[in-house]
Amino acid sequence: MTMMEFFRKSEGIWFIHRTVHHFDAVKDESGESKIHVKVLTAEDHRVKNICESQGINGQFSEAIASGGASFMWQAHEEGGQEPNPDHAAILVDIPDDETGRSGKLLRNQGYVEKIPVISRYWFGQDGILTIDTEYDNNQGQERCWFITDDFRVRVSTIRMMNGVYLMTYCSERRYLSDASLR
């Protein structure tokens with residue numbers, strides 16, 4: 001699988017059940033949420049803007065960026081409301097080669113630290129996507145795989161300078177209708 005195939009397979013709304021294990025006295029963040037995923041072409045102005053902000057300029061960005069995706073998340077109890085644009089990130093795929101099985105992900109803002117960040121990704125022979133991210137003060141690793149086209153699993157760890165800070169397990173089910181959520 002390539003990152004763009006992964007983005008296309010992920011497009012839509014996902015209902016997420018999240019379990020978070022903190023290794024300090026932080027409030028429990030386990031719960032339910034939704035994530036909205038939209039695929040972006042390499043020509044999309046948001047993809048170009050992120051490439052430029054990361055030092056990949058102009059027409060050259062279209063030559064190496066295969067496209068991207070917009071991720072917007074919201075608390076489940078927000079119901080049918082539009083997601084808050086402040087709870088969003090744009091990811092841009094910069095594959096290492098023509099196979100597209102590994103490369104860099106440019107993000108306008110990171111999940112752990114709200115700064116622009118570049119992650120490394122690769123797909124294992126088992127189809128599992130692994131994303132490693134180095135922030136200013138933290139390291140994150142996320143792994144994600146599809147069980148079926150409409151159900152996937154995501155696990156992540158965040159390590160701070162003093163060791164593991166938290167681990168997260170998410171089961172994610174594609175939102176097909178209100179009846180399917182019930």
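From a predicted model like this one, the values you see are computed outputs, not experimental measurements.
Using a distance-only test at 3.5 Å, with no hydrogens or angles considered, a donor-acceptor pair links the side chain of S30 to the main chain of V20. Between the side chain of N108 and the main chain of I90, a donor-acceptor pair closer than 3.5 Å is present. A distance-only check finds no donor-acceptor pair linking the side chain of R143 to the backbone of V155 [under 3.5 Å]. Using a distance-only test at 3.5 Å, with no hydrogens or angles considered, no donor-acceptor pair links the side chain of R120 to the main chain of T130.
Listed by chain and residue number, nothing satisfies the ring pair (Phe, Tyr, Trp, His ring centres under 6.0 Å) test with F71 (two or more places apart in sequence, or in another chain). Not counting sequence neighbours, the partners of N49 by the side-chain contact (heavy atoms from CB on, under 4.5 Å) test are H45.
Residue R174 comes nearest to E11 through the heavy atom pair NH1-O, 2.7 Å, listed as atom of the first residue, atom of the second, then distance. Listed here is the closest heavy atom pair of V39 and F7: CG2-O, 3.5 Å. The minimum heavy-atom distance linking G67 with V47 is given by the pair C-CG2, 4.4 Å. Listed here is the closest heavy atom pair of M160 and Y165: CG-CB, 3.5 Å. Between C51 and A65, the shortest heavy-atom distance links the atoms SG-CB, 4.0 Å. What you find for S66 and P95 is that their closest heavy atoms are OG-CD, 4.0 Å.
Ring planes of F6 and F123: tilted class, angle from 30 to 60°.
For the residue pair R159 and T157, a side-chain donor N or O sits within less than 3.5 Å of a side-chain acceptor on the partner.
Interatomic distance, T148 OG1 to R173 CZ, rounded to the nearest 0.5 Å: 10.5 Å. In this structure, CZ on R101 lies 5.0 Å from CD on Q125, to the nearest 0.5 angstrom. To the nearest 0.5 angstrom, Q141 atom CD is 9.5 Å from T133 atom OG1. A distance of 16.0 Å separates CD1 in I35 from OH in Y175, rounded to the nearest 0.5 Å. Rounding to the nearest 0.5 Å gives a distance of 9.0 Å between CD of E142 and OG1 of T168. Rounding to the nearest 0.5 Å places CG of L129 at 11.0 Å from OG of S102.
A 4.5 Å side-chain heavy-atom check between S70 and M72 finds at least one atom pair inside the cut-off. Under the 4.5 Å side-chain criterion, counting only non-hydrogen atoms from C-beta, Q54 is not in contact with I94.
When each of K9, R152, R18, K34 is paired with E172, the salt bridge (Lys or Arg N to Asp or Glu O under 4.0 Å) condition holds for R152 and for no other.
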* Working for side-chain contact (heavy atoms from CB on, under 4.5 Å), residues D93 and Y121 -> CA-CA 9 Å; D93 178 30; Y121 76 84; 2.6 Å; yes
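For M167, the CE atom is loosely surrounded, since the number of other residues' heavy atoms within 6.0 Å does not exceed 12.
By the rule that hydrophobic residues join a cluster once side-chain heavy atoms approach within less than 4.5 Å of another member, W145 and V37 end up as members of separate clusters. Using a 4.5 Å cut-off between side-chain heavy atoms of Ile, Leu, Val, Met, Phe, Trp and Tyr, with links allowed through other members, I128 and V153 fall into the same hydrophobic cluster.
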